[in-house]
Amino acid sequence: MPELPEVETIRLQLSRNVLGKKIKDIVVDDARVIKGVSKTVFKSKVENKTVKNIIRRGKVLIFELADDLYLVIHLRISGWLFLSKTYEKFCRVGFVLNNGKILNFCDSRVLGEIKLIDDWTNLALIKNMGPEPLGLSKQNFVKLFDKKTAKIKPLLMDQRFLAGVGNMYAQEAVFCAGISPQRRADKIDKKDIGRIYTCLIRILRKSIERGGSSVDTYRQLNGEKGKYKALLKVYQRQGKPCFRCKATIKRESIGGRGTYYCPKCQK
DNA sequence: AATGGGACCTGCGCGC
DNA sequence: TGCGCGCAGGTCCCAT
């Protein structure tokens with residue numbers, strides 16, 4: 001699913017291919033993904049604007065079009081962006097650029113969102129968002145856990161606590177650190193929180209290097225799959241032997257989300 | 001503060 | 001083969 005590494009991959013690739021381009025035309029195939037404004041208003045406000053900056057915050061992409069005009073894209077579960085010469089299946093909105101290419105917003109489940117706002121920092125999700133893990137020292141990461149009694153895995157994926165981590169990377173991080181996903185945060189000593197930090201940072205960086213994980217519909221900007229999926233250690237490995245201790249990986253619902261873990265070596 | 005449930009939405013894999 | 005069903009997950013919202 002699009003989590004921090006997938007969205008960061010897209011941002012890096014957009015910076016090389018879309019930054020500085022002018023949006024000449026917008027083709028709206030499915031207006032449901034455009035929130036807050038009508039298709040007509042959306043088109044009239046965005047057409048003929050140049051992409052001045054592309055920012056990522058957590059799992060959110062922000063295109064700066066003018067000082068008080070930002071295009072905010074959230075891919076949610078099944079969204080992806082695809083730069084191509086033609087329209088593709090499940091692509092709901094196409095931004096035709098001045099170099100003839102089309103930036104397609106694609107989304108099979110139509111839960112993704114495109115918003116047009118004058119101040120992106122004011123969005124509730126952004127305003128309440130926790131720190132970026134890749135901009136955080138180990139010391140400050142450990143501090144976040146003060147007085148937190150929630151289960152570690154749902155806590156890691158709480159966007160108000162920490163930005164950009166979702167169901168998959170939260171599981172990978174606690175597996176790497178040898179911590180059970182249902183351990184209460186305040187029952188984990190600082191040294192182990194430090195291990196979660198080291199694991200998480202390493203996993204996020206490595207995934208960005210490999211263009212993210214294409215577990216479901218996610219693709220890189222050029223349509224290729226992300227290559228981190230092959231390096232996943234627990235996610236979707238139910239019934240298979242643990243890479244560390246050979247015990248059988250279990251799947252259980254924790255915090256209302258499917259969670260894979262090793263019952264033997266995650267304590 | 002934390003947790004649990006439902007809603008949004010559709011493609012997919014399953015059982016019969 | 002074809003149908004119905006449950007499931008997947010990011011975020012929001014409501015209830016406890």
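Order of the sequence lines fixes the chain letters, A, B, ..., with proteins taken first and strands second; residue numbering starts at 1 for each chain.
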Which whole-number value in Å describes the distance from [X] [atom1] to [N] [atom2]?
X: A/Asp107; N: B/dC8; atom1: CG; atom2: C1'; answer: 12 Å
X: A/Arg57; N: C/dG10; atom1: CZ; atom2: P; answer: 17 Å
X: A/Leu123; N: C/dC12; atom1: CG; atom2: P; answer: 9 Å
X: A/Glu252; N: C/dC7; atom1: CD; atom2: P; answer: 15 Å
X: A/Leu4; N: C/dG10; atom1: CG; atom2: P; answer: 13 Å
X: A/Tyr260; N: C/dC7; atom1: OH; atom2: C1'; answer: 10 Å
X: A/Leu75; N: C/dT11; atom1: CG; atom2: C1'; answer: 13 Å
X: A/Arg56; N: C/dG10; atom1: CZ; atom2: P; answer: 15 Å

A/Arg244 to A/Phe175, cation-pi by 6.0 Å centre distance and 45° axis angle: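 Checked: cation-pi criterion met.
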Contact under 4.0 Å: A/His74 side-chain N or O vs C/dG10 OP1/OP2: no
Under 4.0 angstrom between A/Tyr235 side-chain N/O and C/dG9 OP1 or OP2: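 Yes, such a contact exists.
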Gamma sulfurs of A/Cys91 and A/Cys106 within less than 2.5 Å: yes
A/Cys199/A/Cys176 sulfur gamma separation below 2.5 Å: yes
Residues in contact with DNA chain B, drawn from residues 148-177 of chain A - heavy-atom cutoff 4.0 Å: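 Within this stretch, A/Lys148, A/Thr149, A/Ala150, A/Lys151 sit under 4.0 Å of the strand.
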Main-chain N/O of A/Lys233 paired to A/Glu172 side chain as donor or acceptor, under 3.5 Å: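 Present.
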5' priority, DNA chain B, between A/Arg257 and A/Ile254 [closest heavy atom]: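 The residue whose closest nucleotide sits nearer the 5' end is A/Ile254.
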Sugar-phosphate only, base, or nothing, as touched by A/Gly112 at under 4.0 Å among non-hydrogen atoms: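 Result for A/Gly112 = nothing.
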Sugar-phosphate only, base, or nothing, as touched by A/Leu125 at under 4.0 Å among non-hydrogen atoms: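 Sugar-phosphate only.
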ILVMFWY cluster, A/Met157 and A/Val7 together (side-chain gap under 4.5 Å):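 A/Met157 does not cluster with A/Val7.
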Short N-O contact, A/Lys206 and A/Glu209, less than 4.0 angstrom: no
Within a 6.0 Å radius of atom [atom1] on [X], are there more than 12 heavy atoms belonging to other residues, nucleotides or ligands?
X: A/Lys21; atom1: NZ; answer: yes
X: A/Lys101; atom1: NZ; answer: no
X: A/Asn128; atom1: CG; answer: yes
X: A/Lys52; atom1: NZ; answer: yes
X: A/Lys43; atom1: NZ; answer: yes

Heavy-atom donor-acceptor pair, A/Arg184 side-chain to B/dT3 base, under 3.5 Å: no
Pairwise C1' distance, B/dC12 and C/dT11 [rounded to whole Å]: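 Straight-line distance between the two C1' atoms is 23 Å.
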C/dC3 versus B/dC9 - spacing of their P atoms, nearest Å: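 Rounded to whole Å, the distance is 24 Å.
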Distances under 3.5 Å between nitrogen or oxygen atoms of protein and nucleotides 9-11 of chain B:
from   : atom 1 : to      : atom 2 : distance (Å)
B/dC9  : O3'    : A/Arg32 : NH1    : 3.4
B/dT10 : OP1    : A/Arg32 : NH1    : 2.7
B/dT10 : OP1    : A/Arg32 : NH2    : 3.1

Strand DNA chain C in bracket notation, Watson-Crick/G-U under 3.5 Å with | for pairs to another chain: .|||||||.|||||||
Sub-4.5 Å side-chain heavy-atom contact between A/Val174 and A/Leu156: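 Yes; the side chains approach each other to less than 4.5 Å.
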